[in-house]
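One structure below.
Each chain gets a letter, A, B and so on, in the order its sequence line appears, and its residues count up from 1. Source: prediction; values computed, not measured. As a basis for the values below, the full set of heavy atoms in this structure was taken, side chains included, without hydrogen atoms, waters or symmetry mates.
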There are 2 protein chains.
Amino acid sequence: MERKQEVSKAVIQRLPRYYRNICELKAEGVQRISSRALAERMGLTASQIRQDFNCFGGFGQQGYGYNIDKLMEELGSILGLRSGRTAILLGAGNLGRALLNNFDFSASGFQLLCAFDANPELKGKEYGGYSVRSSDDLPSYIAAHKPDVAVLTIPRSNAPDIARELVDQGIRGLWNFTGEDLHLGGLGVPVENVHLSDSLMTLCHLVSATEE
Amino acid sequence: MERKQEVSKAVIQRLPRYYRNICELKAEGVQRISSRALAERMGLTASQIRQDFNCFGGFGQQGYGYNIDKLMEELGSILGLRSGRTAILLGAGNLGRALLNNFDFSASGFQLLCAFDANPELKGKEYGGYSVRSSDDLPSYIAAHKPDVAVLTIPRSNAPDIARELVDQGIRGLWNFTGEDLHLGGLGVPVENVHLSDSLMTLCHLVSATEE
DNA sequence: TAGATTGTTAATCGATTAACAATC
DNA sequence: TAGATTGTTAATCGATTAACAATC
């Protein structure tokens, strides 16, 4: 599974979509698929799909196509979904609770351990089966359980300071919903900055474009 | 403001980020900025920024740079944020309520009118100042108020059918959180499919990559 | 074997970067 | 005017598509 050369960012960004579609195909009972059929389904070209998969060493078979189970296994392991990573959530407000109650963390490769909030009234409550702990216990909890990543659903103003503290304490990645763009790549800590407003602005633009 | 040739998708996708950064600069009291300084702030090249802005006719001034107010105004109007668009939200579950309570729709160009839910217990409740109506009233409401877009925070299984109905009733865009990929571009109705799981899987991959 | 479909190389296309004349 | 910085053209780079030999 050695990579010949660095895989481009464009390919990496398509991997979750591939994985998602393959999971759906499996759920539909499909056992194999050609690059051509997958391309049609996903709105890509067959060429691109073969190029993309071959960045990781090619897991198809001539004259047959790609085996769904094998593909899922390979893509899952490339994405690191099989690594048993752990996560904690910071900020059990509306958005935090929505994630706790609804979001399937394990499908994206993470076991969510618990949540933290500064509000003492939330202490001990449970959402989606995850308990809320006091922010005071955060440092000792991280030291003891060494979660890989933190989900930031805290207010925006706190984001930069808390991010730095978390990195100091050993957190290795951030899923950041605060609206503040965080860039800790220099420290070797990847961040996914989620900006829902960007998505809605794009929609606004696209709707306007349909009027021309 | 006529566009010489079709603006590339890559440029369009950067517009919300430009707009966001310009808003931040304005909030910081900055009145003008050079492409060089903006590039440094955003992690782009000055060349790219000038290329991007010039897709829309260039709103800078030699020897001076870009005026923040003008830039905000121009980018906002390109994105269609000044068009007074309206939106409704379908599905007042956890995620729907999180958006109602927290999300600033107007900053992304939409006036949110109200929410709808099939659960009669939610009827008449308010979240974030928006009232929840019965799904039964949806068709007549759309006919009367003609909202531009619908925010889908309903269960995944209902998504395709409801999307089609909404389009029939005149909805012109969808902000889709259901997890089901919807493609109504063929009908001239743009969709922003939000897949939070894709973002988290990417983070999982990036964290794994830091171990190599 | 014949048909199908991959893996992979070459060709095309588009996007980013560099350079510099225009001009505020 | 001199300095700064844009607008814009040309050069480079990278990503996508096409083509086809390899092979299941």
Side-chain angles (χ1 to χ4, degrees), chain A residues 1-18 21-22 25 30-75 78 202 205, chain B residues 1-18 21-22 25 30-75 78 202 205:
Chain A
M1 179 89 33
E2 272 316 302
R3 301 198 306 238
K4 272 137 214 195
Q5 31 182 111
E6 212 49 49
V7 176
S8 82
K9 214 179 159 191
V11 176
I12 301 292
Q13 281 182 325
R14 278 192 292 271
L15 290 179
R17 241 185 105 218
Y18 283 130
N21 275 272
I22 297 303
L25 284 163
V30 177
Q31 287 178 8
R32 65 172 167 132
I33 193 164
S34 68
S35 55
R36 192 157 159 283
L38 185 58
E40 188 151 342
R41 179 188 174 105
M42 294 182 63
L44 303 172
T45 65
S47 239
Q48 180 167 55
I49 290 175
R50 295 204 298 277
Q51 282 282 27
D52 283 357
F53 288 177
N54 277 84
C55 292
F56 306 97
F59 13 80
Q61 189 173 312
Q62 277 109 329
Y64 171 89
Y66 297 87
N67 178 281
I68 294 289
D69 283 331
K70 178 159 195 214
L71 207 45
M72 228 180 101
E73 175 58 32
E74 294 278 3
L75 291 173
I78 290 163
T202 301
H205 176 77
Chain B
M1 181 84 36
E2 270 316 301
R3 302 198 305 239
K4 273 136 213 198
Q5 31 184 112
E6 210 50 47
V7 177
S8 82
K9 214 180 160 189
V11 176
I12 302 290
Q13 282 182 324
R14 278 191 292 270
L15 290 179
R17 241 184 106 217
Y18 283 130
N21 276 272
I22 297 304
L25 284 163
V30 177
Q31 287 179 6
R32 65 173 168 132
I33 192 163
S34 68
S35 56
R36 193 157 159 283
L38 184 58
E40 188 151 342
R41 179 188 173 104
M42 294 182 62
L44 302 172
T45 65
S47 239
Q48 180 167 54
I49 289 176
R50 295 203 299 277
Q51 282 281 26
D52 284 355
F53 288 177
N54 277 83
C55 291
F56 306 97
F59 13 80
Q61 189 173 313
Q62 278 109 325
Y64 170 89
Y66 298 88
N67 178 281
I68 294 288
D69 283 330
K70 177 157 195 215
L71 206 44
M72 227 179 100
E73 174 58 31
E74 293 278 2
L75 290 173
I78 291 163
T202 300
H205 176 77

Checklist outcome for this item: Rounded to the nearest 0.5 Å, the CG atom of L44(B) sits from the CZ atom of R17(B) at a distance of 5.0 Å

Item to check | Whole angstrom value for the distance that separates P of dG14(C) from CD1 of I12(B) | outcome: 16 Å

Checklist entry - Out of N21(A), I22(A), L25(A), which one pairs with L71(A) under the side chain to side chain contact (heavy atoms under 4.5 Å, CB included) rule? => result I22(A)

Checklist entry - So what does Y66(A) touch, heavy atoms closer than 4.0 Å: a base, only the sugar-phosphate, or nothing? => result sugar-phosphate

Next on the checklist: The test is side-chain contact (heavy atoms from CB on, under 4.5 Å); show your working for L15(A) and I12(A) and say whether it passes.
Outcome noted: CA-CA 5 Å; L15(A) 290 179; I12(A) 301 292; 4.2 Å; yes

Checklist entry - How long is the span from the CZ atom in R32(B) to the CD1 atom in I68(B), to the nearest 0.5 Å? => result 10.5 Å

Checklist outcome for this item: I49(B) CD1 to dA15(C) P, in whole Å, measures 18 Å

Checklist entry - How long is the span from the CD atom in Q13(B) to the OH atom in Y18(B), to the nearest 0.5 Å? => result 12.5 Å

Next on the checklist: Tell me the interatomic distance from K9(A), atom NZ, to dT16(D), atom C1', rounded to whole angstroms.
Outcome noted: 18 Å

Next on the checklist: Expressed as a whole number of angstroms, how long is the span from N54(B):CG to dT6(D):C1'?
Outcome noted: 8 Å

Checklist entry - Which whole-number value in Å describes the distance from R32(B) CZ to dT6(D) P? => result 10 Å

Item to check | Residues, nucleotides or ligands: over 12 heavy atoms within 6.0 Å of R36(B) CZ | outcome: no

Checklist entry - When every nucleotide of nucleotides 17-24 of chain C is labelled 5' to 3' by its protein contacts under 4.0 Å (heavy atoms), B for base, S for sugar-phosphate only, - for none, what sequence of letters results? => result BBBB-BBB

Checklist entry - Hey, can you pull the residues of residues 34-42 of chain A with a non-hydrogen atom under 4.0 angstrom from DNA chain D? => result none

Item to check | Parallel, tilted or perpendicular: rings of F59(A) and Y66(A) (30°, 60°) | outcome: perpendicular

Checklist entry - Which nucleotide, in any strand shown, forms a Watson-Crick or G-U wobble pair with dT5(C), with both distances under 3.5 Å? => result dA22(D)

Item to check | Distance in angstrom units between F59(A) CZ and dT6(C) C1', rounded | outcome: 13 Å

Checklist entry - Within a strict 4.5 Å, meaning less than it, do heavy atoms of the D69(A) and E73(A) side chains meet? => result no

Next on the checklist: What is the separation between atom CG on L71(B) and atom P on dT6(D), rounded to the nearest whole Å?
Outcome noted: 11 Å

Checklist entry - With sugar-phosphate meaning primed atoms plus P, OP1 and OP2, does R14(A) contact a base, only sugar-phosphate, or nothing at under 4.0 Å between heavy atoms? => result sugar-phosphate

Item to check | Close side-chain approach of Q48(A) to R14(A), heavy-atom, < 4.5 Å | outcome: yes

Checklist outcome for this item: Here the distance between atom C1' of dT6(C) and atom CG of N67(A), to the nearest Å, is 14 Å

